[in-house]
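Take a look at the structure below.
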Amino acid sequence: MPELDGRVALVTGASRGIGAATARALAAAGARVIVTDLSDGSALADELGGLYFQHDVSSESAWVEAMGFARAEAGGLDILVNNAGLFLQKSLLETTLEDWRRIHAVNVEGVFLGCKHAVPLLAERAGRRAGGAAIVNISSVAGLVGAAGAICYNASKGAVRIMTKGLALELARRQIRVNSVHPGLIDTHMGQEVLDSAAARLGVGDNEARARLARGHPLGRLGLDSNIADAVAFLASDRAAYMTGSELVVDGGFTAQ
């Protein structure tokens with residue numbers, strides 16, 4: 001039997017990249033997946049036999065509607081993956097207050113709102129299994145180490161990391177496990193934004209920027225969205241039943257240096 005059989009998972013920012021790969025991994029493990037995004041994720045939801053909900057994670061009313069949708073259309077919720085996020089490469093002096101607020105509205109407030117409004121649904125079903133219910137928050141290696149010229153992103157992903165630990169302590173007695181995943185440079189649309197920024201900064205082409213950044217990782221390559229999806233599926237499953245407040249780093253050895 002697939003290890004997530006009978007469970008309902010909601011994945012934000014799931015129309016592409018890490019979110020789409022995560023939705024596929026959870027569905028392959030047996031979960032019924034609710035794909036949410038501002039972009040149209042209906043084709044992916046149809047592919048997976050799941051559901052699609054158009055969703056602005058920075059809106060509290062949208063989260064209330066999303067939880068109502070999960071209850072009405074899927075019967076509840078067992079797994080929440082807070083994946084939706086924005087990247088910004090700007091120096092401190094170039095960064096505006098509007099930039100700061102826009103990044104934090106999605107990357108931090110979106111996670112806060114998701115956890116706040118999902119907990120009642122997760123708690124209803126947490127007692128069904130030894131591993132309880134699960135929240136997985138996608139942070140970044142930028143939540144662990146600094147990155148010059150990315151102060152907004154650093155601050156937002158650091159907030160997700162420590163928010164995860166506080167929530168893990170608060171929700172442990174309710175049998176809701178909360179863990180974070182910290183991707184390194186992953187070959188996705190957002191990863192391409194990082195590559196484009198590096199190419200401009202170094203004055204080189206895309207291929208050379210890609211090669212240089214790959215050499216900065218001990219494994220010598222960029223990560224794949226499936227590498228992160230596999231980590232999320234593990235944390236969502238009962239194989240991680242004794243893990244909460246943990247940070248799972250998937251970065252090709254970058255932060256071990």
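Quantities reported herein were computed from a predicted structural model and do not represent experimental measurements. Counting from 1, the numbers follow the sequence of the chain as shown.
- The environment of Arg173 atom CZ is sparse: at most 12 non-hydrogen atoms of other residues, nucleotides or ligands sit within 6.0 angstrom.
- Below 30°, between 30° and 60°, or above 60°: for Phe53 and His55 the angle between ring planes is above 60°, a perpendicular geometry.
- Taking all atoms of both residues into account, the shortest heavy-atom contact from Ala236 to Ala134 is CA-CB, 4.0 Å.
- Counting heavy-atom neighbours within 6.0 Å of Glu170 CD, excluding the residue itself, gives a total of 12 or less.
- Looking only at distances, a side-chain donor or acceptor of Arg177 sits under 3.5 Å from a matching main-chain atom of Ala240.
- Arg102 and Glu98 are not joined by a salt bridge, as no carboxylate oxygen comes within less than 4.0 angstrom of a charged side-chain nitrogen.
- Side-chain contact of Gln192 with Asp206: a donor-acceptor pair under 3.5 Å is present, judged by distance alone.
- In this structure, the side chains of Ser140 and His182 stay at 4.5 Å or more apart for every pair of heavy atoms.
- Here the shortest heavy-atom pairing between Ser180 and Thr164 reads N-CG2, 3.6 Å.
- With values rounded to the nearest 0.5 angstrom, Met243 atom CE is found 5.5 Å from Asn179 atom CG.
- In terms of heavy-atom proximity, Ala9 sits nearest to Leu26 at CB-CD1, 3.8 Å.
- Counting only heavy atoms from C-beta outward, the side chains of Val35 and Val11 never approach each other to under 4.5 Å.
- Taken together through direct or relayed side-chain contacts under 4.5 Å among Ile, Leu, Val, Met, Phe, Trp and Tyr, Leu224 and Ile186 form parts of separate hydrophobic clusters.
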Distance-only donor-acceptor hits, side chain of residues 110-122, under 3.5 Å, sequence neighbours excluded:
unit_1, atom_1, unit_2, atom_2, d
His117, NE2, Glu60, OE2, 2.8

Could you go step by step and tell me if Asp78 and Arg128 meet the salt bridge (Lys or Arg N to Asp or Glu O under 4.0 Å) rule?
CA-CA 10 Å; Asp78 302 279; Arg128 295 184 179 186; 5.3 Å; no

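- Follow the hydrophobic side-chain contacts under 4.5 Å out from Val178 and you reach Val8 in the same cluster.
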Candidate pair Leu80 and Val136, rule side chain to side chain contact (heavy atoms under 4.5 Å, CB included), full reasoning
CA-CA 6 Å; Leu80 170 66; Val136 183; over 6 Å; no

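- Between Ala84 and Gly13 the shortest heavy-atom distance is CB-N, 3.8 Å.
- In this structure, Arg16 does not pair ionically with Asp37, as no charged nitrogen and carboxylate oxygen lie closer than 4.0 Å.
- With rounding to the nearest 0.5 angstrom, the NZ atom of Lys165 is 6.5 Å from the OG atom of Ser246.
- Hydrophobic cluster membership is shared by Met163 and Ile103, with clusters built from Ile, Leu, Val, Met, Phe, Trp and Tyr side chains linked at under 4.5 angstrom.
- Between the side chain of Trp63 and the main chain of Val57, a donor-acceptor pair closer than 3.5 Å is present.
- A donor-acceptor pair is defined here as one N or O able to donate and one able to accept, closer than 3.5 Å; such a pair exists between the side chain of Ser139 and the backbone of Lys157.
- Among residues at least two apart or in separate chains, salt bridge (Lys or Arg N to Asp or Glu O under 4.0 Å) pairs with a member in residues 223-242 are Glu3-Arg239, Arg7-Asp238.
- Clustering ILVMFWY residues whenever any of their side-chain heavy atoms sit less than 4.5 angstrom apart, transitively, puts Val81 in a cluster other than the one holding Val106.
- Arg125 and Gln175 form no side-chain donor-acceptor contact under 3.5 Å, judged by distance and modelled atom types alone.
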Between Leu248 and Phe234, is a side chain to side chain contact (heavy atoms under 4.5 Å, CB included) present by the stated rule, with each step listed?
CA-CA 10 Å; Leu248 190 52; Phe234 165 70; 4.3 Å; yes

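- Judged by distance alone, with hydrogens and angles left aside, the side-chain atoms of Gln89 form a donor-acceptor pair with the main-chain N or O of Gly149 at under 3.5 Å.
- A distance of 5.0 Å separates CG of Leu92 from CD1 of Ile151, quoted to the nearest 0.5 Å.
- Atoms CD1 and CG, from Ile138 and Asn107 in turn, are 12.0 Å apart once rounded to the nearest 0.5 Å.
- Thr255 places none of its side-chain heavy atoms less than 4.5 Å from the side chain of Gln257.
- Counting heavy-atom neighbours within 6.0 Å of Tyr52 OH, excluding the residue itself, gives a total above 12.
- Hydrophobic clustering, with ILVMFWY side chains joined whenever heavy atoms are under 4.5 angstrom apart, keeps Ile135 apart from Leu235.
- Contact check for Lys90 versus Tyr153: no side-chain heavy atoms found under the 4.5 Å cut-off.
- Taking 4.0 Å as the cut-off between side-chain N and carboxylate O, Arg221 and Asp187 do not count as a salt-bridged pair.
- Side-chain atoms of Ile79 and Leu4, non-hydrogen and from C-beta on, do get closer than 4.5 Å to each other.
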Take Phe69 and Leu51 through the test side chain to side chain contact (heavy atoms under 4.5 Å, CB included) and record every step on the way to the result.
CA-CA 10 Å; Phe69 180 86; Leu51 299 162; 3.8 Å; yes

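- Scanning both residues, Ser39 and Ser15, for their nearest heavy atoms gives CB-OG, 3.6 Å.
- Here the side chain of Asn154 pairs a donor or acceptor atom with the backbone of Val145 at under 3.5 angstrom.
- Residues meeting the salt bridge (charged side-chain N to carboxylate O under 4.0 Å, His left out) test with Arg101, sequence neighbours left out: none.
- Atoms CD1 and CG, from Ile176 and Leu171 in turn, are 5.0 Å apart once rounded to the nearest 0.5 Å.
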Report the C-alpha distance between Leu185 and Asp251 in whole Å, list the side-chain angles of each, state the deciding distance to 0.1 Å, and finish with yes or no for side chain to side chain contact (heavy atoms under 4.5 Å, CB included).
CA-CA 7 Å; Leu185 183 53; Asp251 70 347; over 6 Å; no

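- Contact of the Glu73 side chain with the Ile34 side chain is not registered, since no non-hydrogen atoms from C-beta on lie closer than 4.5 Å.
- For the pair Leu10/Thr36, a side-chain contact is recorded, criterion being any heavy-atom separation below 4.5 Å from C-beta on.
- Contact detail for Ala14 and Leu44: the closest heavy-atom pair is O-CD2, 3.1 Å.
- Atom OG1 of Thr12 sits about 9.0 Å away from atom CG of Asn137, to the nearest 0.5 Å.
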